[in-house]
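In each ligand, atom 1 is the first atom listed, and ligand 1 is the first ligand listed. Heavy atoms only: backbone and side chains are in, while hydrogens, waters and symmetry mates are out.
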Amino acid sequence: MTLPLETIIGLEVHAQMSTRTKMFCGCDNDAFGKAANTTICPICTGHPGTLPTPNEEAIRTAIRTSLALGCTIRKECHFDRKHYFYPDLPYGFQISQYDFPLAEHGELKFDIHNHSGNILHESTCRITRLHMENDAGKLTHRGSTTLCDYNRAGTPLMEIVTEPDLRSAQEAVAFAQELRRILIALDASQADMFKGMMRFDASISLRENGTEKLNPRSEIKNLNSFKSLEKALQYEEKRLVALWKECKGPLPHNITVGWLDDEEKTKILREKEEAQDYRYFPEPDIPPLYFSQKDIDEIKSRLPSLPRERQQQYISLGLNEKQAQQLIDQPKLCVMFDAVYKKTNDAKRAASLVLTQLLGFLNTQEKSVHDGPDATALLELIEQIDNGTISAHAGKEVLEAMTQTGKSASVLIEEKGLRQISDDRIIDDLVQKAIQENPKAVGAYKNGKKQALGAIVGWVMKKSKGQANPEKVNAILKKELQQ
Ligand code: ZN
Ligand code: MN
């Protein structure tokens with residue numbers, strides 16, 4: 001039996017901004033993998049008497065992201081103190097934004113795909129707000145001991161809050177993936193999930209189809225991957241449906257749950273009626289921020305084209321949806337495709353080189369795009385093919401070796417002796433020999449059997465160990481046989 005229930009989902013996304021320094025001090029923002037407590041200073045560890053200074057690069061990054069999400073930038077915003085106690089929070093409060101956030105009222109359009117990567121339909125989710133805040137440190141629990149690492153404390157975050165517009169786990173994941181693509185395209189965040197640079201809190205509730213009222217929700221905290229976002233929402237949806245049947249209705253009040261990745265289930269963290277009291281009040285050490293329309297317009301005019309727009313551009317060049325998707329999912333592939341297309345003006349060739357050959361070789365070697373050649377190296381290879389130094393066939397072999405060794409195309413061509421024979425005199429000699437050695441094929445060709453030419457060309461290619469330029473062989477052979 002399916003109840004006539006509708007699933008309502010909203011997300012809160014935290015994304016670490018890819019700035020050089022932290023949100024309110026000059027410490028290195030790239031602390032991942034560094035020794036504990038080495039990228040800290042008295043400001044980001046909340047020593048008394050220090051003053052936070054907002055990072056202009058972070059503010060610009062957050063504005064850029066807000067504009068790309070269609071938000072309105074408030075002319076005035078300010079920071080607030082959000083109080084709570086936890087050992088990873090040295091200040092005893094987080095510097096966040098409460099009632100005057102940086103930006104509001106945006107929306108994000110995204111595509112829902114089927115399993116083969118084709119677009120099924122478009123969906124929209126409204127963005128409630130985007131605000132800036134700093135991150136807390138990191139705790140490591142070892143038995144009865146807990147270690148504090150404050151390297152991450154003070155890292156600049158954007159918190160992006162959506163309206164409850166998402167209707168399934170699948171939709172929530174598609175939204176989150178599109179948001180990630182946008183963050184990467186804007187260079188606003190590396191959004192590396194493995195490094196915790198993008199994290200989700202997901203709220204889910206049920207209501208009877210056709211009703212408008214929002215029922216109390218279950219909020220799932222701190223989901224670190226698309227997989228856990230999807231699984232946690234599916235699990236909680238099932239649980240809420242079962243509860244609805246049992247209790248003939250929705251949850252009596254909001255609850256907060258955590259997702260247990262290993263056990264693949266949620267567990268209740270807090271069950272209470274009222275919101276936590278964070279004692280928000282305006283941060284007295286940082287003056288309000290004011291933005292002029294001119295500032296905002298200037299930032300807006302320099303926004304790059306966004307992933308879905310680029311996808312449409314690639315499709316209009318003749319790529320299929322899946323290929324276009326592959327490109328926008330990996331900005332480095334985009335750069336390479338664009339460079340090859342610019343040089344060759346041939347989208348099919350660029351797609352085959354970048355998506356079929358290059359990606360194929362990297363996948364077989366279980367390497368990432370970042371381990372492979374860059375656009376310049378790829379262009380050098382194309383140059384060698386197009387100027388006749390090597391054949392297109394040898395080009396594949398060279399590309400594979402490039403992915404294996406990291407060497408350049410020209411070095412590999414010499415090492416492997418793949419240089420193509422384009423010297424007319426050498427090819428002329430080979431063609432003369434071919435005519436002598438293949439009287440049958442020559443006779444057939446002269447009697448009008450045009451495909452007999454292939455056998456003679458094949459003989460030349462074999463004799464030259466594949467190194468004769470096939471186009472030249474063809475041309476010279478035809479000329480000889482016409483005489
Ligand atoms: Zn610092
Ligand atoms: Mn937050």
Side-chain angles (χ1 to χ4, degrees), residues 10-17 19-32 34-58 61-62 65-66 69 77-86 88-104 127-138 148-162 176 179 183 188-189 191 196-203 219-224 229 256 258 269-270 275-280 283 285-286:
L11 295 180
E12 279 180 29
V13 184
H14 284 92
Q16 182 185 329
M17 292 191 253
T19 54
R20 205 171 48 77
T21 55
K22 290 187 181 179
M23 189 70 224
F24 299 112
C25 65
C27 289
D28 191 348
N29 186 26
D30 182 18
F32 192 84
K34 302 222 165 95
N37 297 310
T38 53
T39 60
I40 56 171
C41 74
I43 299 172
C44 54
T45 46
H47 288 217
T50 59
L51 284 174
T53 312
N55 178 344
E56 187 184 337
E57 189 194 358
T61 300
T65 309
S66 303
L69 296 175
C77 73
H78 66 245
F79 288 98
D80 295 280
R81 292 186 177 185
K82 177 182 181 179
H83 296 82
Y84 64 97
F85 173 76
Y86 209 66
D88 63 3
L89 190 73
Y91 279 67
F93 56 84
Q94 180 185 31
I95 304 182
S96 182
Q97 296 190 288
Y98 184 51
D99 47 357
F100 283 69
L102 176 75
E104 297 165 307
I127 308 288
T128 315
R129 57 187 275 157
L130 183 152
H131 70 250
M132 300 174 281
E133 58 189 30
N134 58 1
D135 207 348
K138 212 172 167 180
C148 300
D149 174 10
Y150 292 113
N151 281 351
R152 203 180 67 183
T155 288
L157 298 179
M158 290 183 280
E159 180 175 324
I160 299 161
V161 183
T162 81
L179 178 60
L183 294 173
S189 171
M197 290 173 169
M198 193 179 184
R199 319 190 283 266
F200 312 101
D201 300 329
S203 290
E219 184 179 5
I220 314 166
K221 285 292 196 192
N222 242 323
L223 299 162
N224 293 317
L229 176 64
T256 305
L269 299 175
R270 285 192 290 275
Q276 253 192 60
D277 184 7
Y278 291 117
R279 265 188 335 113
Y280 278 105
E283 166 61 57
D285 289 340
I286 305 173

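Protein N/O/S atoms found under 2.8 Å from the Zn ion (ligand 1): Cys25 SG, Cys27 SG, Cys41 SG, Cys44 SG.
Using a 4.0 Å cut-off between charged side-chain N and carboxylate O, Lys34 and Asp28 make a salt bridge. A salt bridge is defined here as a Lys NZ or Arg NE, NH1 or NH2 lying under 4.0 Å from an Asp or Glu carboxylate O, and Arg152 with Asp135 meets this definition.
Residue pairs satisfying the salt bridge (Lys or Arg N to Asp or Glu O under 4.0 Å) criterion with at least one member in residues 48-57, sequence neighbours excluded, are listed as follows: Glu56-Arg60.
When the shell of 6.0 Å around CZ of Phe32 is examined, it contains more than 12 heavy atoms from other residues, nucleotides or ligands.
Nearby protein atoms of type N, O or S around the Mn ion (ligand 2) amount to 3 (distance under 2.8 Å).
In the model, Asn55 has a side-chain atom that pairs as donor or acceptor with a side-chain atom of Thr21 under 3.5 Å.
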Given side-chain hydrogen bond (donor to acceptor under 3.5 Å, both in side chains), test Asp80 with Ser96 step by step and report yes or no.
CA-CA 5 Å; Asp80 295 280; Ser96 182; over 6 Å; no

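The aromatic rings of Tyr278 and Tyr84 sit perpendicular, their planes meeting at an angle over 60°, well past the 30° parallel limit.
The side-chain hydrogen bond (donor to acceptor under 3.5 Å, both in side chains) search around Thr61 returns none, not counting sequence neighbours.
Side-chain atoms of Asn29 come within 3.5 Å of backbone atoms of Thr19 as a donor-acceptor pair (strictly under, hydrogens ignored).
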